[in-house]
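Every chain is numbered from 1 and lettered A, B, ... according to where its sequence line falls, protein lines coming before strand lines.
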Number of protein chains: 2
Amino acid sequence: MTRSKSKSFPARDSYHHGDLHSTLVEAAEHLLEKQGLSALSMREVAKLAGVSHSAPYRHFRGKAGLLEAVAQAGFNRLAVMINGAHDAYPDDPEAQLRAAGVAYVEWATENPERTHLMYGGMMKSEDVPETLHACAEDAYAGIFHIIDEGRQAGVFGGDDTDSVVISAWAVVHGLTMLILGSGKVNPANPGEVRQLALRVCDTILDGIRSRTGTGDQPS
Amino acid sequence: MTRSKSKSFPARDSYHHGDLHSTLVEAAEHLLEKQGLSALSMREVAKLAGVSHSAPYRHFRGKAGLLEAVAQAGFNRLAVMINGAHDAYPDDPEAQLRAAGVAYVEWATENPERTHLMYGGMMKSEDVPETLHACAEDAYAGIFHIIDEGRQAGVFGGDDTDSVVISAWAVVHGLTMLILGSGKVNPANPGEVRQLALRVCDTILDGIRSRTGTGDQPS
DNA sequence: CATCTGATGTTACCAGTGTCAACATTCATG
DNA sequence: CATGAATGTTGACACTGGTAACATCAGATG
């Protein structure tokens with residue numbers, strides 16, 4: 001935040017940069033989506049930010065630290081989007097879930113490299129600090145909230161909320177990975193992505209919906 | 001294949017190695033699961049295989065080529081497992097899907113780094129060659145086969161087979177990613193993984209099952 | 001205002017990496 | 001046996017992540 005001009009990075013006037021921390025994160029995000037994760041180098045980020053190759057180490061504990069910050073920002077945005085979907089459709093858990101799912105798939109497919117960073121495990125999980133876990137948990141908590149309310153309202157069924165959340169989270173995340181995974185499922189335009197996301201959401205809703213209220217219980 | 005002793009790598013007698021190609025792949029798989037993807041270096045693989053740091057380039061077009069071979073082997077195993085699940089439960093599409101799903105989740109969580117390699121996108125998708133796509137497609141085709149048969153038998157519903165396959169594939173893959181993603185969903189023992197996989201499969205089966213036969217068609 | 005201190009940025013350097021070119025050795029085939 | 005294609009080795013190159021020593025600045029303190 002606190003930085004509007006997002007295209008001219010090298011803004012530099014005095015010896016001290018002023019806000020290197022955020023500038024580095026932005027530069028990393030920029031290069032990440034442009035060149036891919038494997039081609040991202042610390043030195044290039046520094047160069048794009050207009051500082052020497054060693055300056056970033058005053059702000060992040062190594063490359064992992066910088067990538068971690070990028071991932072964290074991503075999880076934060078994710079959590080915001082999910083909560084936004086919740087607030088946009090009060091008292092309509094199905095619409096909330098659909099909106100959250102579509103938003104997630106759309107955002108992730110628009111930012112493929114960042115999504116890979118967030119879930120790709122390029123950082124061994126033992127090294128991932130607590131703060132990142134907390135951010136990912138925030139996003140998870142958003143979906144948990146939606147489904148928990150939905151279950152209390154009798155819209156969703158299932159034995160316990162967590163297992164329902166896992167299923168819902170998993171389809172959406174899985175579809176994303178399939179789209180990103182280049183192999184199968186390769187939609188051309190964003191509209192098609194939305195279509196796919198909606199269909200998957202409807203399928204999982206069919207599996208999640210409470211069956212005690214509508215009178216149908218397959219043997 | 002054609003190589004049983006999997007622990008003593010440096011087996012070397014003459015100037016020429018004899019079967020460097022497979023040995024390198026095995027060495028890479030070994031180091032991959034041991035040290036993680038980001039810490040995997042070409043030179044270390046070569047050293048473990050007992051050859052000079054430059055020898056691998058006679059067999060693979062760079063690091064990407066080697067990793068690509070590892071990923072390809074993974075997809076092949078995946079396809080075999082899926083087809084095995086199909087053959088193990090003839091005329092029972094639900095059991096086939098469950099078995100395939102559980103097998104996939106179990107294998108993937110037992111080989112987390114390889115799974116990340118396969119789907120993590122450490123290789124920009126433009127660079128992924130056709131052969132890899134073909135292998136991934138084989139695995140996809142296995143699930144397609146199961147669901148297509150199931151739909152023809154009236155067990156599964158849905159508008160078209162592909163969208164059903166995507167949903168099924170997505171839950172299973174998504175659950176895997178959640179388990180690997182370290183954040184939420186962190187089961188201790190393999191039995192718990194199986195449990196989770198089964199539950200997710202049942203949920204998606206509830207969403208996939210044909211509704212025209214049992215008399216329920218939500219408006 | 002002078003000065004000291006800590007934060008921030010720079011340069012120089014190191015080990016390690018991916019990759020290639022030149023050379024060495026072996027295998028196969030005439 | 002000679003010869004060329006495979007295969008393996010050595011040595012180099014540019015680049016990377018990371019650290020240490022030095023330079024510059026902002027701000028508190030006198």
Side-chain angles (χ1 to χ4, degrees), chain A residues 2-3 9-28 31-32 34-71 113 117 122-124 127-129, chain B residues 2-3 9-28 31-32 34-71 113 117 122-124 127-129:
Chain A
T2 77
R3 187 159 269 265
F9 278 105
R12 189 75 175 291
D13 39 355
S14 57
Y15 184 89
H16 280 25
H17 182 279
D19 192 15
L20 228 198
H21 192 98
S22 349
T23 303
L24 285 172
V25 173
E26 291 177 25
L31 286 180
L32 184 64
K34 192 172 126 204
Q35 310 185 338
L37 183 65
S38 55
L40 183 76
S41 82
M42 211 60 172
R43 292 166 113 97
E44 215 167 348
V45 172
K47 191 181 299 181
L48 180 57
V51 303
S52 80
H53 68 262
S54 185
Y57 293 86
R58 301 281 170 196
H59 297 267
F60 301 95
R61 61 173 232 300
K63 188 179 190 177
L66 177 54
L67 293 183
E68 182 189 306
V70 174
E113 296 294 336
L117 170 67
M122 79 302 313
M123 38 185 103
K124 293 228 64 171
D127 307 341
V128 175
Chain B
T2 77
R3 187 157 269 264
F9 278 105
R12 188 77 176 291
D13 38 355
S14 58
Y15 184 90
H16 279 28
H17 183 277
D19 191 16
L20 227 198
H21 192 99
S22 345
T23 303
L24 284 172
V25 172
E26 291 177 26
L31 286 180
L32 183 64
K34 194 172 125 202
Q35 309 186 339
L37 182 64
S38 55
L40 183 77
S41 84
M42 212 59 172
R43 291 167 114 98
E44 216 168 347
V45 172
K47 191 180 299 179
L48 180 58
V51 5
S52 81
H53 67 263
S54 186
Y57 291 85
R58 300 284 169 193
H59 298 266
F60 302 94
R61 61 172 235 300
K63 188 179 189 177
L66 177 54
L67 294 183
E68 181 188 307
V70 173
E113 295 295 336
L117 170 65
M122 82 302 313
M123 38 185 105
K124 293 228 65 171
D127 307 341
V128 175

For the pair made of [atom1] in [X] and [atom2] in [N], what is the distance, rounded to whole Å?
X	N	atom1	atom2	result
B:Gln35	C:dG16	CD	C1'	13 Å
B:Leu24	D:dT7	CG	C1'	12 Å
B:His59	C:dC20	NE2	P	16 Å
B:Asp19	D:dA6	CG	P	18 Å
B:Lys47	C:dG18	NZ	P	12 Å

Protein-nucleotides 17-19 of chain D N/O pairs closer than 3.5 Å?
residue : atom : partner : partner atom : Å
D:dG17  : OP1  : A:Met42 : N            : 2.9
D:dG17  : OP1  : A:Lys63 : NZ           : 3.0
D:dG17  : OP2  : A:Met42 : N            : 2.8
D:dG17  : OP2  : A:Arg43 : N            : 3.2
D:dG17  : N7   : A:Arg43 : NH1          : 2.3
D:dG17  : O6   : A:Arg43 : NH1          : 3.2
D:dG18  : OP2  : A:Tyr57 : OH           : 3.3
D:dG18  : OP2  : A:Lys63 : N            : 2.8
D:dG18  : O6   : A:Arg43 : NH1          : 3.4
D:dG18  : O6   : A:His53 : NE2          : 3.3
D:dT19  : O4   : A:Ser54 : OG           : 3.2

Donor-acceptor under 3.5 Å (A:Glu113 side chain, A:Leu37 main chain): yes

Sequence-distant partners of B:His21, ring-ring contact (aromatic ring centres under 6.0 Å, His included), two or more places apart: B:Phe60

Identify, with sequence neighbours excluded, every residue that meets ring-ring contact (aromatic ring centres under 6.0 Å, His included) alongside B:Tyr57. none

What I'd like to find out is whether the side chain of A:Leu67 reaches to under 4.5 Å of the side chain of A:Lys63, using heavy atoms alone. yes

Polar atoms only, N or O, under 3.5 Å: list the protein pairs with nucleotides 23-26 of chain C and their distances.
residue : atom : partner : partner atom : Å
C:dA24  : N3   : B:Tyr15 : OH           : 3.3

By side chain to side chain contact (heavy atoms under 4.5 Å, CB included) - contacts of B:Ala55 (at least two apart): B:Leu20, B:Val51, B:Ser52

Side chain to side chain contact (heavy atoms under 4.5 Å, CB included) against A:Arg58, all qualifying residues, sequence neighbours excluded: none

Any chance you could measure B:Leu48, atom CG, to B:Glu26, atom CD, to the nearest 0.5 Å? 10.0 Å

What distance do B:Leu117 atom CG and B:Leu40 atom CG have between them, rounded to the nearest 0.5 Å? 9.0 Å

